[in-house]
Amino acid sequence: MSQPAISIILPAYNAEKYIALTISSLLNQTFTSFELLVVDDGSTDNTVTIIKQFTDSRIILMENGQNLGLIKTLNKAALLSKGKYIARMDADDIALPGRLQLQSQFLDTNAGVAAVAGWVNFIDEAGEDKGIWSLDRNTNSATAIKKALVKENCIAHPSVMIRTEVLQQYLYNLKQQHIEDYDLWLRLCAEGLAIEKVQQPVLLYRVHAASVTGTKLKQRNFFFKHFNCKRKFIGARLASFKINSFVCRVFLSMCMDLMMGFGKVIKNTFKN
């Protein structure tokens, strides 16, 4: 295969239920110059067997051998990517047919943009429509995205396409488990790098009992989760003497997260 324009990073762990649909949605893209890096993270089900049933030469299967976790898997694939751009994908989502073409064209014509996200439509385990994410639809410019990121994440991680050189430089932070994408967006914004969003759906985002969206984040006080993410982000900026107005705004938001988190704890205590 000639040098691909796009590298698609697809981590998979015990993904036998949806992985075939996910891969098929990528192979059916209108844009065809890509490599699909499927990284199995030590699955114990039939994930690898299903992946091997696909014979498309653009698929590159890598097996970790043991479960390394999402962040190490993402960084491994990012460093091996050969495309000009990297597209993120999760093993239970469905890419809409024009996604790669739409986002790659956007980056081609906007040299000052580091990454471009897109709208997502939520679906359930059966693939039924579950609506949209309002914050996603209301943050469409680099300015609006940066403003929102001070408070919360307004970008669906698997909807993102990013310049390979940018991701290989910054990578994901191993200390930001389950919120590694938000930390990356904060770091890019702090460095003055622009994140944009195409105002079209690019992905069917599946929410189900086994997903991070459906479990780990919802089981916790989300204000504390944001607080800890921002605390680590700010600590790293302080350690490298990189403080600017954006970092200061994130700090103020972090303090608010802490207060709101304790407020939620008190409210739940009295409720029970």
Side-chain angles (χ1 to χ4, degrees), residues 8-26 28-29 38-41 43 45-47 50-51 67 69-71 73-74 87-100 102-103 115-140 145 148-149 151-162 172 176-185 195 197-226 228-229 257 264:
I8 305 171
I9 292 179
L10 175 57
Y13 176 68
N14 289 346
E16 64 179 6
K17 188 173 182 179
Y18 302 112
I19 189 70
L21 289 173
T22 299
I23 291 176
S24 294
S25 76
L26 295 168
N28 290 326
Q29 289 289 300
V38 186
V39 189
D40 179 73
D41 192 23
S43 293
D45 63 1
N46 292 318
T47 296
I50 295 171
I51 296 169
N67 184 253
L70 178 61
I71 299 178
T73 298
L74 289 175
R88 269 285 288 116
M89 193 72 187
D90 282 341
D92 52 3
D93 297 331
I94 297 175
L96 296 178
R99 176 198 171 173
L100 297 182
L102 180 66
Q103 292 184 301
V116 58
W119 290 349
V120 299
N121 293 335
F122 291 132
I123 57 174
D124 63 14
E125 293 184 1
E128 297 295 324
D129 178 56
K130 299 300 290 185
I132 64 171
W133 179 19
S134 297
L135 181 61
D136 175 38
R137 300 297 172 98
N138 294 329
T139 49
N140 294 304
I145 290 169
L149 286 172
K151 296 181 179 180
E152 58 186 326
N153 193 359
C154 61
I155 298 171
H157 192 188
S159 79
V160 169
M161 182 178 290
I162 185 170
Y172 294 94
Q176 297 282 23
Q177 190 175 16
H178 304 313
I179 204 163
E180 69 285 339
D181 54 328
Y182 186 26
D183 169 77
L184 178 60
W185 315 147
I195 304 173
K197 190 182 292 185
V198 293
Q199 298 182 43
Q200 293 185 42
V202 299
L203 189 80
L204 300 182
Y205 188 108
R206 197 181 304 273
V207 179
H208 55 91
S211 67
V212 172
T213 304
T215 55
K216 294 182 175 62
L217 295 183
K218 289 186 177 181
Q219 290 172 359
R220 304 179 181 182
N221 186 321
F222 205 70
F223 292 111
F224 286 153
K225 188 67 177 178
H226 273 170
N228 284 322
C229 176
D257 287 331
K264 186 174 181 178

- Please report the closest heavy-atom contact between Gln103 and Val116, naming both atoms and the distance. NE2-O, 3.1 Å
- Item | Shortest non-hydrogen contact between Ala156 and Trp133, atoms and distance | N-CZ3, 3.7 Å
- Arg88: what forms a side chain to side chain donor-acceptor pair (under 3.5 Å) with it, not counting sequence neighbours? Asp90, His157
- Item | Test item: Thr73 and Tyr13 side chains (from C-beta on) under 4.5 Å apart, heavy atoms | no
- Distance, nearest 0.5 Å, that separates CG of Asn228 from CD1 of Ile179: 9.0 Å
- Message: Restricting to side-chain contact (heavy atoms from CB on, under 4.5 Å), what partner residues turn up for Asp45, sequence neighbours left out?
- Response: Asn14, Glu16, Ser43, Thr47
- Item | Distance-minimising heavy-atom pair for Met89 and Pro11 | O-CD, 3.3 Å
- By salt bridge (Lys or Arg N to Asp or Glu O under 4.0 Å) - contacts of Asp257 (at least two apart): Lys230
- Which pair of heavy atoms, one from Cys154 and one from Leu149, lies closest together, and at what distance? N-CD2, 4.0 Å
- Task: Indicate the atoms forming the closest heavy-atom contact of Asp41 with Gly69, along with that distance.
- Result: OD2-N, 2.9 Å
- Message: Nearest 0.5 Å, please: how far is CD1 in Ile162 from CH2 in Trp185?
- Response: 5.5 Å
- Given the options Ile132, Leu203, Asp136, Trp119 meets side-chain contact (heavy atoms from CB on, under 4.5 Å) only with Asp136
- Item | Contacts of type salt bridge (Lys or Arg N to Asp or Glu O under 4.0 Å), residue Lys17, not counting sequence neighbours | Glu125
- Item | Partner set under side-chain contact (heavy atoms from CB on, under 4.5 Å) for Leu96, not counting sequence neighbours | Pro201, Leu204
- Residue pair Arg206 / Leu21, side-chain heavy-atom distance below 4.5 Å: yes
- Can you see which heavy atom on Thr22 is nearest to which on Ala91, and at what distance? OG1-O, 3.1 Å
- Query: Residues in side chain to side chain donor-acceptor pair (under 3.5 Å) with Gln176, at least two apart?
  - Reply: Asp183
- Message: Test your reading of the model: is there a side-chain donor-acceptor pair from Gln29 to the backbone of Leu100, 3.5 Å cut-off?
- Response: yes
- Message: Asp181: which residues meet the side chain to side chain donor-acceptor pair (under 3.5 Å) condition with it, sequence neighbours left out?
- Response: Asn153
- Give, for atom CD of Gln200 and atom CZ of Arg99, the distance between the pair rounded to the nearest 0.5 Å. 13.0 Å
- Under the side-chain contact (heavy atoms from CB on, under 4.5 Å) rule, collect the residues that match up with Glu152, sequence neighbours excluded. Leu135, His226
- Message: Could you measure the distance from the CG atom of Asp93 to the CD1 atom of Ile123? Nearest 0.5 Å is fine.
- Response: 7.0 Å
- Task: Sequence neighbours left out, what passes ring-ring contact (aromatic ring centres under 6.0 Å, His included) with Tyr18? Give chain and number order.
- Result: His208
- Note on the structure: d(Ile23 CD1, Ile94 CD1) to nearest 0.5 Å is 12.5 Å
- Please list, chain by chain and in numerical order, all residues satisfying salt bridge (Lys or Arg N to Asp or Glu O under 4.0 Å) with Asp40, sequence neighbours excluded. none
- Pairing residues for Ser25 by the side chain to side chain donor-acceptor pair (under 3.5 Å) criterion, not counting sequence neighbours: none
- Enter the distance from Leu70:CG to Glu180:CD here, rounded to the nearest 0.5 Å. 5.0 Å
- Message: Contact between Val202 and Ser159 at the side-chain level, heavy atoms closer than 4.5 Å - yes or no?
- Response: yes
